[in-house]
> 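My questions all concern the structure below.
Positions are given from 1, in the same order as the sequence printed here. For ligands, and for the atoms within them, numbers begin at 1 and follow the listed sequence. The structure presented is a predicted model; accordingly, all values stated were derived computationally and were not measured.
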Amino acid sequence: MNKLKQVRGVDFHCHVDLYPNPIEMIAACDSARIVTLAVTTTPKAWFQNQRWTKLSRYVFPALGLHPELVSNRHREIALLEEHIEMSRFVGEVGLDGRPQFRKSWQLQAEVFVRALSAAERYGGRVISIHCRRAAGEVVRCIESHTTSGNVLAILHWFSGSETVGCRATELGCYFSINHQTLESERGLNLVRSLPEDRLLTETDGPLTHMGNRKSEPHDVLVTMERLADARGISVATMRDVLTENARRVLRFANVRLHGDESET
Ligand code: MN
């Protein structure tokens, strides 16, 4: 067997389809060996993402319905429920508790619970979850509507309290860490409180910035370094931890990363 190349980084929440040239971005993830979860904001977008990533070895599309779009597009939850049979990855779904989305809160909750319940019915689903100003409620929904071992939830850009982080950990959740979280003392303390075997990195690109340009998946390499620094371990160890965590999450979804074949 060929000596397979190592994964260099993990971007477990990226809107690949929102870059000007998604096909180029997918090719860039493949050549940079960045394992990438390509989340979508509507179930309709998932089809195109699925086509684009068909030949990719590092980019995996996820079926989503973004909470910020729920007020207008809540009916599309029916499409998500229909297509989830074909998609092991779900996201971006979740709740947004900011004032500007308060009006859609009930609808958001209804849509999120339906997405969780659909994942629970099929099992073996990995879900990337938006929990901005709603971490407590998101974790309560995960607890009420899914069983750990059947659905694997990843709290994307988690910024809840350490108590909520603990509860989420008990429920089997993972956490994808955004570089912006590592810019505040509170965020640093939060990532230090999370268990090592539940950590992933993400960009949420192109909706976030790295300096004065839009973030791209390879920026997780910087996040990985900062995360290693925050937790007092070497970058090489951090990379091994993140790669192993990503492999475990992918295996849960019955996806084997190449290089996995050699393991038993
Ligand atoms: Mn996002």
> For the Mn ion (ligand 1), decide whether H15 has an N, O or S atom at a distance under 2.8 Å.
yes
> Would you say the side chains of T41 and E92 form a donor-acceptor pair under 3.5 Å?
no
> CZ of R88: more than 12 outside heavy atoms within 6.0 angstrom?
yes
> Quick check for you: with the Mn ion (ligand 1) as the vertex, what angle do OE1 of E92 and NE2 of H13 span, to 10°?
80°
> Taking just the N, O or S atoms of D204, which one is nearest to the Mn ion (ligand 1)?
OD1
> If you measure only the distance, is there a donor-acceptor pair under 3.5 Å linking the side chains of T208 and S215?
yes
> Mind checking whether F175 and H156 have ring centres under 6.0 Å apart?
no
